[in-house]
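Notes for the one structure printed next.
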Amino acid sequence: MDRKDLLYEGKAKQIYITEDVNYLIMVFKDELTAFHGTKRGRFDGKGALCNAVSTYLFQYLENYHVGTHFVKKLSDNEMLVRRLEMIPIEVVVRNIATASLAKTYDLEEGSTLKYPIIEYRLKNDRLGDPMINEHHAYAMGHATPEEMKMISRIASKVNAILKSFFDRRSLMLVDFKIEFGKYDRSILIADEVSPDTCRIWDRKTNKKMDKDRFRYDMGRVDKVYQELLERIISA
Ligand code: ADP
Ligand code: UDP
């Protein structure tokens, strides 16, 4: 399937329409952004690495009967996906206390939570992606109670699957963000699951293997993204 018109250009990806209205092509860019787009950078091959990691993880989740928008990897930077009616909510799942969570609630940095936390954010960079709860989502018409129930159930399942996936590679899934969209009457995972959208630490050394290296100028972002891909596909 070929790219037609550009539908949307975001911070990390371009979205193209195709000859079939049900499918889109996502092009992963080499740009990196943080703090709602206020910090910007790039490295060659970053888009390809995020596409490769997302492809692997979407296929892995599909094996566990988690529905995703993934159809096919088309090239290094391109993924063919099902076009969804996006729900403008970022769903964050946390297993380990770090960053704002540790600070806000005075939790020990790096401590394991007794139970995963699911947070919802309204996807709106201008407003700084404000935190919302299920009731905001119903009240603002973004999702019904049934849809939010399904979203929370899928998010928990994804967390359980990916936590043990990374555990087997001596990596810890600290937290991650996923997005959802509607397709017929089902809810599928959309967007990407990559080091841009997850926090992943090495279990032995706590080395950060994700976008925090860019956010906090820790260096070697390119090497670490490459190492993460190798560890993901190695086992
Ligand atoms: P942002 O919009 O946050 O800058 P990106 O650069 O990653 O993010 O842009 C990708 C955009 O495409 C996001 O707004 C995301 O919600 C949207 N999107 C992802 N998957 C799909 C899909 N399957 N159907 C429609 N839109 C999608
Ligand atoms: N995240 C993301 N996109 C965003 C915001 C967060 O992918 O727009 C991911 C981020 O990579 C991390 C998790 O969601 O894995 C929690 O990030 P958050 O911004 O909430 O960080 P914190 O508030 O903990 O500093």
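Predicted, not measured: the structure shown is a model, and the values here were computed from it. In listed order, ligands and their atoms are each counted from 1.
Distance alone, capped at 3.5 Å, places no donor-acceptor pair between the E31 side chain and the K11 backbone. Panel note: side chain R203, backbone D167; a donor-acceptor pair is recorded below 3.5 Å. Looking at R169, its side chain does come within 3.5 Å of a backbone N or O of F165 through a donor-acceptor pair. Judged by distance alone, the side chain of N77 and the main-chain N or O of F28 form a donor-acceptor pair under 3.5 Å. One N or O on the side chain of N95 and one on the backbone of L173 form a donor-acceptor pair closer than 3.5 Å. Without hydrogens or angle criteria, K211 side chain to T33 main chain gives a donor-acceptor distance under 3.5 Å.
Aromatic pair F214/F43: centroids not less than 6.0 angstrom apart.
Annotation: D175 places an N or O atom under 3.5 Å from an N or O atom of ligand 2; distance criterion only. In terms of N/O distances under 3.5 Å, ligand 1 is approached by R82. Residue A12 has at least one N or O atom closer than 3.5 Å to an N or O atom of ligand 1.
The local environment of NZ in K149 is sparse, with at most 12 non-hydrogen atoms from other residues, nucleotides or ligands closer than 6.0 Å. With a 6.0 Å radius and a threshold of 12 heavy atoms from other residues, nucleotides or ligands, F35 has its CZ atom above the threshold. Annotation: E108, atom CD; neighbour count of heavy atoms from other residues, nucleotides and ligands within 6.0 Å does not exceed 12. A 6.0 Å sphere centred on CZ of R168 holds more than 12 heavy atoms belonging to other residues, nucleotides or ligands.
Remark: minimum distance from atom 21 (O) of ligand 2 to any protein heavy atom is reached at R199 NH2, 3.3 Å. Among protein heavy atoms, atom 10 (C) of ligand 2 sits closest to R215 NH2, 3.4 Å. At the top of the distance list for atom 12 (O) of ligand 1, counting protein heavy atoms only, stands I15 CD1, 3.5 Å. In terms of protein heavy-atom proximity, atom 22 (P) of ligand 2 is closest to S100 OG, 3.2 Å. Ranking protein heavy atoms by distance to atom 8 (O) of ligand 2, first place goes to E90 OE1, 3.2 Å. Nearest non-hydrogen protein atom to atom 7 (O) of ligand 1 is K13 NZ, 2.5 Å. Scanning all protein heavy atoms for the shortest distance to atom 25 (O) of ligand 2 gives A99 CB, 3.1 Å. What sits closest to atom 9 (O) of ligand 1 on the protein, heavy atoms only, is Y8 CE2, 3.5 Å. Nearest protein heavy-atom neighbour of atom 3 (N) of ligand 2: K177 CE, 3.5 Å.
Counting the atoms of ligand 2 from 1 in the order shown, those under 4.0 Å from a heavy atom of R94 are 20 (O), 22 (P), 23 (O), 24 (O). Atoms of ligand 2 lying under 4.0 Å from at least one heavy atom of C198, given by number and element, are 11 (O), 15 (O). Below 4.0 Å from some heavy atom of L24 lie the following atoms of ligand 1, by number and element: 24 (N), 25 (C). In the vicinity of K123, heavy-atom distances shorter than 4.0 Å reach the ligand 1 atoms 1 (P), 2 (O), 3 (O), 14 (O), 16 (O). If you number the atoms of ligand 1 from 1 as listed, the ones under 4.0 Å from a heavy atom of A190 come out as 20 (N).
Note that CD of E90 and CG of N124 are 10.0 Å apart. Values are rounded to the nearest 0.5 Å. Note that CG of L80 is 9.0 Å distant from CG of D20, once rounded to the nearest 0.5 Å. To the nearest 0.5 Å, atom CG of residue L113 and atom CZ of residue R94 are 8.5 Å apart.
The heavy atom nearest to atom 19 (O) of ligand 2, out of those in E179, R121, K103, K123, is found in R121.
For the residue pair D196/Y225, the side-chain donor-acceptor check at 3.5 Å is satisfied.
Contact annotation for T197 and ligand 2: heavy atoms of both the backbone and the side chain come within less than 4.0 Å of the ligand. At a heavy-atom cutoff of 4.0 Å, ligand 1 is contacted by the side chain of H69 but not by its backbone. Contact annotation: for K211 versus ligand 2, there are no heavy atoms closer than 4.0 Å. Contact annotation: for E179 versus ligand 1, heavy atoms closer than 4.0 Å belong to the side chain alone. With a 4.0 Å cut-off on non-hydrogen atoms, K11 touches ligand 1 through its backbone as well as its side chain. When non-hydrogen atoms are compared, ligand 1 lies under 4.0 Å from the backbone of D191 as well as from its side chain. Proximity of E9 to ligand 1, defined as any heavy-atom pair under 4.0 Å, is not found for any part of the residue. Within the 4.0 Å heavy-atom criterion, neither part of D125 lies near ligand 1.
No heavy atom of K11 sits closer than 4.0 Å to any atom of ligand 2. Under a 4.0 Å heavy-atom criterion, H36 is not in contact with ligand 2. Under a 4.0 Å heavy-atom criterion, D210 is not in contact with ligand 2.
Closest heavy-atom contact between Y183 and L84: CB-CD2, 3.6 Å.
For the ring-ring contact (aromatic ring centres under 6.0 Å, His included) criterion with H69, the lone passing option out of F58, Y23, F180 is F58.
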